[in-house]
Asks: 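Here it is, the structure, as structure tokens.
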2 protein chains.
Amino acid sequence: MTSLNKITDFRRPVAINLANRPTASSCDDCGARRHGLCDALSDDEVGFLARAAQHVSLQPNTVFIEEGEAALYFYNINSGNVRLFKSLPDGRRQITGFAGPGHFLGLAATTKNMFSAETMEPVKLCRFSRSSIAAVFEEFPVLERKLLDVAMHELVLSQQQMLLLGRKTAIERIASFLLSWAERLEICASGALPKPNVSMPLPLSRTDLADYLGLTIETVSRSLSNLKREGLIDIPNIHEIILLRPQALSDIAEAAV
Amino acid sequence: MTSLNKITDFRRPVAINLANRPTASSCDDCGARRHGLCDALSDDEVGFLARAAQHVSLQPNTVFIEEGEAALYFYNINSGNVRLFKSLPDGRRQITGFAGPGHFLGLAATTKNMFSAETMEPVKLCRFSRSSIAAVFEEFPVLERKLLDVAMHELVLSQQQMLLLGRKTAIERIASFLLSWAERLEICASGALPKPNVSMPLPLSRTDLADYLGLTIETVSRSLSNLKREGLIDIPNIHEIILLRPQALSDIAEAAV
DNA sequence: CGGATCATTGATACTAGTCAAGTCACGTGG
DNA sequence: CCACGTGACTTGACTAGTATCAATGATCCG
């Protein structure tokens with residue numbers, strides 16, 4: 001807690017501008033209308049919700065939630081992906097997760113943000129003030145149920161990630177990540193393996209990958225090269241991975257004995 | 001997912017026995033009556049809740065939730081502490097958190113348990129079947145609000161733990177842990193430092209500590225010895241730590257620059 | 001007192017980090 | 001169209017921090 005204002009000393013983000021307001025005031029064509037929270041509401045209810053929201057467009061690499069700052073807003077992402085992370089004063093960074101369309105951010109019942117959030121691509125989101133959200137919950141208790149479901153799932157994911165960060169080797173982390181990423185992209189069902197030879201976009205940079213998996217970019221690169229050399233994956237280009245042998249990846253990821 | 005049934009091959013737990021039923025059918029003298037979920041309810045409501053619950057007493061080191069098993073029950077802890085963990089087939093273990101009186105376990109909306117839970121001491125808890133809980137939520141929507149608050153706080157804690165596991169050195173992990181443990185014991189307010197020279201019980205074994213911090217017991221022991229040699233802590237006995245210089249600990253924990 | 005268990009300390013090994021050089025892809029401008 | 005520059009990635013050589021292996025010490029309990 002000593003000097004959190006320093007955490008952006010490196011990797012300086014694009015200056016934030018939340019002033020540029022509504023582009024789409026209707027929710028009908030919103031990318032998140034059928035996802036996440038809004039999916040739990042009727043059209044009328046979403047209309048009510050929309051009147052409490054400000055619609056914001058953000059450029060790539062914009063930090064719109066900064067750890068330690070006053071938590072004035074909640075956010076519901078409409079389009080684009082963001083990374084969530086925590087940093088140490090000396091610049092070390094841990095990405096704790098990713099959030100896409102339908103994800104709801106900033107709900108912790110604290111007055112300060114407990115993590116930072118940065119766009120990875122152009123992002124559109126709805127912003128709610130903390131005061132307005134209380135009324136929304138009052139109006140739609142179903143939202144709490146929905147948020148509880150989401151939060152429990154996030155907890156499951158973070159427990160998996162703790163096992164990965166605390167106990168897995170570099171190659172196990174990479175293999176685990178590739179399979180969980182396939183699940184996230186819905187290339188395969190939760191808990192199931194993708195079919196051999198499926199191709200998968202990987203929009204993350206090696207730096208993001210390293211900061212998510214608790215490794216360095218060099219180790220990430222070497223581990224990917226190893227998996228490629230062993231014929232478990234192919235890497236046609238930086239942002240695409242082909243899972244040649246998912247079962248073998250799984251054996252590594254789960255340390256099968 | 002290859003051979004989860006092997007995870008208890010070592011560290012074999014005491015055989016579980018959930019058959020020994022009610023000791024206290026009244027909630028009045030329950031250790032959790034003024035904590036966690038039950039604190040959010042009136043006496044009448046708790047009475048209703050109690051009729052849906054089975055009261056269970058467990059011996060120390062009893063695994064009562066096993067990862068991969070069918071998730072038939074929810075649990076509310078009344079007294080005693082438990083460790084939550086995930087394991088790899090070769091025995092590596094990551095403790096993902098601890099739960100005490102008032103904590104609610106097993107809520108994830110999956111049909112299989114996504115983690116294991118083991119008592120650390122004699123534990124009393126209330127057990128609810130998954131079917132009964134739906135009715136309870138129907139009856140008391142306030143519980144969902146409460147659970148959401150708890151879940152969000154758990155998420156904050158697990159993000160902190162991910163930063164620790166992914167990016168902190170051994171000595172930083174130990175220093176961070178000692179301060180967060182002081183917070184958990186309410187020796188100091190959340191985010192604040194304890195006063196110098198406060199004594200703190202540490203009921204964890206070195207093995208638990210290592211499995212929680214992603215280290216080995218040897219590294220835990222060495223790091224504690226270092227902190228003692230440097231005069232930041234004292235260790236009068238294995239299960240007690242005196243925080244001589246909390247500010248210095250914090251400087252290490254947060255990597256102050 | 002003896003044995004078991006857990007913790008500490010020491011010596012060594014190994015994984016992943018650091019430092020540095022080289023490669024590749026891409027966009028710009030001559 | 002190609003030279004150049006930039007940034008991201010890969011690969012190699014070496015180092016450092018933590019794990020592993022092993023021995024010793026402390027504590028508890030019968």
Side-chain angles (χ1 to χ4, degrees), chain A residues 10-14 60-61 88 90-94 120-121 164-177 201-230 233-241 252 255, chain B residues 10-14 60-61 88 90-94 120-121 164-177 201-230 233-241 252 255:
Chain A
F10 337 126
R11 317 188 220 249
R12 186 173 298 282
V14 172
N61 300 313
L88 291 170
D90 61 7
R92 279 175 284 173
R93 183 178 77 154
Q94 179 65 42
M120 302 168 71
E121 44 196 10
L164 180 151
L165 293 171
R167 288 304 185 206
K168 290 189 181 179
T169 66
I171 197 83
E172 290 167 354
R173 295 182 200 203
I174 295 289
S176 301
F177 167 79
L202 186 64
L204 307 186
S205 69
R206 297 294 186 259
T207 301
D208 280 348
L209 216 35
D211 285 350
Y212 184 50
L213 300 178
L215 301 169
T216 59
I217 57 171
E218 293 94 332
T219 300
V220 167
S221 184
R222 275 188 259 267
S223 300
L224 285 170
S225 297
N226 282 352
L227 290 176
K228 179 177 180 178
R229 191 175 324 117
E230 301 294 329
I233 64 173
D234 196 15
I235 311 176
N237 65 72
I238 305 293
H239 292 298
E240 182 180 2
I241 304 265
I252 293 176
Chain B
F10 339 123
R11 316 187 219 249
R12 186 171 300 281
V14 172
N61 299 313
L88 291 170
D90 62 5
R92 280 175 284 174
R93 183 178 75 153
Q94 179 66 42
M120 303 168 70
E121 45 196 11
L164 181 150
L165 293 171
R167 288 305 185 205
K168 290 189 182 181
T169 65
I171 196 83
E172 290 167 353
R173 294 182 201 203
I174 295 290
S176 300
F177 167 79
L202 185 64
L204 307 185
S205 70
R206 295 294 186 259
T207 300
D208 281 348
L209 215 34
D211 285 349
Y212 184 51
L213 300 178
L215 301 169
T216 58
I217 57 171
E218 294 94 331
T219 299
V220 167
S221 185
R222 275 188 258 268
S223 300
L224 285 170
S225 297
N226 283 350
L227 291 176
K228 179 177 179 178
R229 192 174 324 117
E230 301 293 329
I233 63 173
D234 196 14
I235 310 176
N237 66 71
I238 303 294
H239 291 299
E240 183 181 2
I241 305 266
I252 292 175

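Only heavy atoms go into these numbers, but all of them, side chains included; no hydrogens, no water, no symmetry mates. Protein chains get the first letters and strands the later ones, always in sequence-line order, with residue 1 at the start of each. Here the structure is a predicted model, which means the values were calculated and not measured.
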Asks: Applying side-chain contact (heavy atoms from CB on, under 4.5 Å), name anything that partners A/T219, two or more places apart in sequence or on another chain.
Replies: A/A170, A/L215, A/T216, A/S223

Asks: If we check side chain to side chain contact (heavy atoms under 4.5 Å, CB included) with B/I233, which of these qualifies: B/N226, B/I241, B/I174?
Replies: B/I241

Asks: Summarise how protein sits on nucleotides 7-18 of chain D as a single string, 5' to 3': B when a protein heavy atom is under 4.0 Å from the base, S for sugar-phosphate-only contact, - for no contact.
Replies: --SBBBB----S

Asks: Can you measure from OG1 (A/T207) to CZ (A/R93) and round to the nearest 0.5 angstrom?
Replies: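 Answer rounded to 0.5 Å: 7.5 Å.
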
Asks: I'd like to check the salt bridge (Lys or Arg N to Asp or Glu O under 4.0 Å) partners of B/R167; sequence neighbours left out, ordered by chain and number.
Replies: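 A/D211.
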
Asks: Give me the first and last nucleotide of DNA chain C, going 5' to 3', that has any atom under 4.0 Å from a heavy atom of chain A.
Replies: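 So the outermost contacting nucleotides come out as C/dA16 to C/dC19.
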
Asks: For A/S176, give me all partners under side-chain contact (heavy atoms from CB on, under 4.5 Å), at least two apart in sequence or on another chain.
Replies: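 With sequence neighbours excluded, A/S176 shows a side-chain contact (heavy atoms from CB on, under 4.5 Å) to A/L164, A/K168, A/A253, given in chain and number order.
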
Asks: Please list, chain by chain and in numerical order, all residues satisfying side-chain contact (heavy atoms from CB on, under 4.5 Å) with A/E121, sequence neighbours excluded.
Replies: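 Scan of A/E121 (side-chain contact (heavy atoms from CB on, under 4.5 Å), adjacent residues dropped) gives A/N81.
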
Asks: Please say which of A/L209, A/N237, A/I238 ends up in a side chain to side chain contact (heavy atoms under 4.5 Å, CB included) with A/L202.
Replies: A/L209

